[in-house]
Structure formats: C-alpha cells, structure tokens
Amino acid sequence: IIGTAALFDGKYVAGLDQTGLSQKAGSVFSHVKILSEPARESARVSISNCDCFLAFDLLTACASPALSRLAPERTIAIVSTSKQPTGDMVRSTAVNFPPIEPLVDTIRSRTRADRLISFDAAHLSDSLFGDHIAANMITLGAAYQAGALPISADSIEKAITLNGVAIEMNISAFRVGRLVVADPICLTPRETRKTSFIPATILSLNEAQGIINEINGAGELRRLLEIR
C-alpha cells in the first residue's frame with residue numbers, strides 16, 4: 001500500500017521484505033524507501049538511517065535487526081502495543097508476554113521521544129470493526145497523520161482501492177488511525193474522556209453518513225465531514 005501510494009504521488013520506491021517464517025509466528029521485517037528520483041542503491045534501510053518506524057508487532061520491533069536501524073535524532077516511531085503471541089507462547093501457556101511499557105521505552109530511547117505514538121491498534125480495530133485485521137491500517141493512518149510518511153492521504157486511499165481487499169473497511173481504518181493522532185478524544189466514551197484513553201465503538205458508518213446528509217454539506221465541506 002505504501003509503495004503503491006508513493007508511485008501515485010510520482011515518487012520512486014525500493015522495497016525489501018524479510019518474511020522468514022511469518023506463517024509460523026516468526027519475525028517479519030519490511031524495508032521501504034521512498035525516493036524523489038531514481039537511485040541505484042540497496043533497498044535495505046541502513047544502520048541508524050530509518051525515518052519512519054512502523055511497529056506492527058512490538059516484540060519484533062524490539063529485536064536487534066529493527067532497533068539497529070533507529071536513530072534518536074531522526075526516527076519517528078508509531079507503535080502498536082497489541083500483544084502478538086510468539087510461537088512459544090502459542091505452544092506453552094507457561095510462556096507469558098513481557099510487560100508492555102519497558103518494550104515501548106526501549107523504542108522511545110532510540111527514536112524521537114517527543115514524536116513517538118503508541119496505542120493498542122488491535123483493541124481499537126476489534127472495538128470498531130469486530131476484527132483485529134484492520135490494526136495495521138489503523139497504525140498506518142496514525143503514521144500519516146503524525147507527518148511521518150512523505151505521501152498523500154488521497155494516494156494511500158487510492159492504493160487501498162486498487163488493492164481491492166476490504167476496501168471500505170481499510171479506508172475507514174486508515175481514517176481512524178488519523179483520528180488517533182488528530183483527535184483521540186473522539187474515540188473515547190463520553191464518561192471517560194476526563195480520565196484515560198479507552199478505545200470504544202463510535203458511530204457506525206451508516207449513522208455518520210446520516211448525520212452528514214442531514215447537514216446537507218456539499219463539495220469540500222462534505223469531503224472533510226466524511227473524512228472526519
């Protein structure tokens with residue numbers, strides 16, 4: 001999706017996927033370079049040369065192959081704190097997931113701490129869509145809204161449409177991710193808004209569309225309301 005969106009924006013893309021044994025709960029690392037002009041260089045992100053770090057899997061993100069790419073003065077990290085079990089955890093109930101905060105702190109210490117964003121993307125996805133499958137797209141939306149991706153929102157949504165998989169859900173998930181950064185309070189229950197961030201189900205798409213139709217907005221106003 002990221003690579004296709006960059007192409008829509010007239011940029012050049014180099015990518016490398018190290019999938020390993022992902023189908024058996026193994027680690028997956030993906031390198032993506034977005035370039036303003038073609039260049040003959042490795043698709044692999046070099047040591048301390050990462051601009052945007054998307055941590056879809058917290059344990060994998062804290063492994064040395066990933067951490068070595070980060071730089072405190074350069075890297076913006078968007079971290080999903082969802083607990084993704086390893087193969088050992090699946091096979092044995094005696095193996096527990098480690099505490100979340102120390103893992104996030106590990107990433108924070110190696111990136112721009114003032115720009116780090118962390119949230120439970122799978123929980124939010126389950127709350128809004130009834131499935132955790134949209135968690136990665138929510139995380140991507142947060143990265144875009146944080147200014148960590150040099151591509152446009154329109155191109156990302158065009159890439160989602162071109163991909164042809166769960167288009168409506170994925171576009172909605174991308175927009176939810178943007179809200180996580182732009183206005184997280186709208187994703188919390190009214191009675192808890194003065195306390196902590198607790199993801200909760202917001203208006204359904206049909207309910208939201210009904211409100212927009214009642215307002216009778218048109219043109220740019222309608223487009224902004226639909227994104228909101």
Side-chain angles (χ1 to χ4, degrees), residues 1-3 5-6 8-9 30 32 34 50-58 61 66 70-84 100-101 103-129 131-160 168-190 192-203 205 208 212 220 223-228:
I1 297 298
I2 293 174
F8 278 135
D9 279 342
S30 292
V32 179
I34 299 175
C50 175
D51 294 307
C52 175
F53 185 54
L54 291 174
F56 300 118
D57 183 316
L58 190 53
L70 311 182
E73 72 284 355
R74 178 172 189 164
T75 309
I76 299 175
I78 313 297
V79 181
S80 171
T81 59
S82 311
K83 295 182 178 180
Q84 305 289 349
I100 296 294
E101 280 307 313
L103 296 174
V104 176
D105 287 342
T106 295
I107 297 174
R108 181 180 287 109
S109 68
R110 290 166 170 80
T111 59
R112 297 176 60 179
D114 60 322
R115 298 287 299 275
L116 183 141
I117 295 170
S118 63
F119 63 100
D120 190 339
H123 186 115
L124 187 55
S125 179
D126 281 331
S127 297
L128 297 175
F129 303 104
D131 196 310
H132 69 276
I133 197 67
N136 286 359
M137 197 58 67
I138 292 174
T139 306
L140 179 64
Y144 169 80
Q145 194 65 31
L149 295 173
I151 48 181
S152 67
D154 284 345
S155 290
I156 292 174
E157 295 190 3
K158 283 174 62 178
I160 292 172
E168 182 177 353
M169 182 189 72
N170 280 315
I171 288 179
S172 296
F174 172 70
R175 294 175 180 178
V176 166
R178 295 184 63 183
L179 283 176
V180 168
V181 177
D183 190 11
I185 198 169
C186 77
L187 298 175
T188 66
R190 288 184 175 85
T192 62
R193 287 182 178 178
K194 293 183 179 180
T195 55
S196 60
F197 181 85
I198 303 176
T201 301
I202 56 177
L203 292 176
L205 291 177
I212 293 172
E220 181 65 8
R223 188 184 74 83
L224 292 173
L225 288 172
E226 288 176 341
I227 292 174
R228 186 69 171 180

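Atoms considered below: every heavy atom in the structure, side chains included; atoms not considered: hydrogens, waters and symmetry mates.
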Between [X] (side chain only) and [Y] (backbone N and O only), is there a donor and an acceptor less than 3.5 Å apart?
{"X": "D9", "Y": "S152", "result": "yes"}
{"X": "T75", "Y": "C50", "result": "yes"}
{"X": "D126", "Y": "H132", "result": "yes"}
{"X": "T111", "Y": "I76", "result": "no"}

Can you give me the closest heavy-atom contact between [X] and [Y], atom names plus distance?
{"X": "S82", "Y": "S80", "value": "OG-OG, 3.0 Å"}
{"X": "I138", "Y": "F119", "value": "CG2-CE1, 3.6 Å"}
{"X": "R110", "Y": "L70", "value": "O-CB, 3.4 Å"}

Pair F174, I1 - check side-chain contact (heavy atoms from CB on, under 4.5 Å), show working.
CA-CA 11 Å; F174 172 70; I1 297 298; over 6 Å; no

Side chain to side chain donor-acceptor pair (under 3.5 Å) with S118: which residues, sequence neighbours excluded?
none

Could you list the residues that satisfy side-chain contact (heavy atoms from CB on, under 4.5 Å) with A5, not counting sequence neighbours?
I151, S155, I156, A159

Are I2 and I34 close enough that some pair of their side-chain heavy atoms sits under 4.5 Å apart?
yes

Is any side-chain heavy atom of D131 closer than 4.5 Å to a side-chain heavy atom of M169?
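No, too far: nothing below the 4.5 Å cut-off.
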
For L149 and L140, what are the C-alpha separation, side-chain angles and deciding distance, and is it a side-chain contact (heavy atoms from CB on, under 4.5 Å)?
CA-CA 9 Å; L149 295 173; L140 179 64; 3.5 Å; yes

Enumerate the residue pairs fulfilling salt bridge (Lys or Arg N to Asp or Glu O under 4.0 Å) with a member in residues 140-153, sequence neighbours excluded, ordered by first and then second residue.
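Passing the test, one end in residues 140-153: no pairs.
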
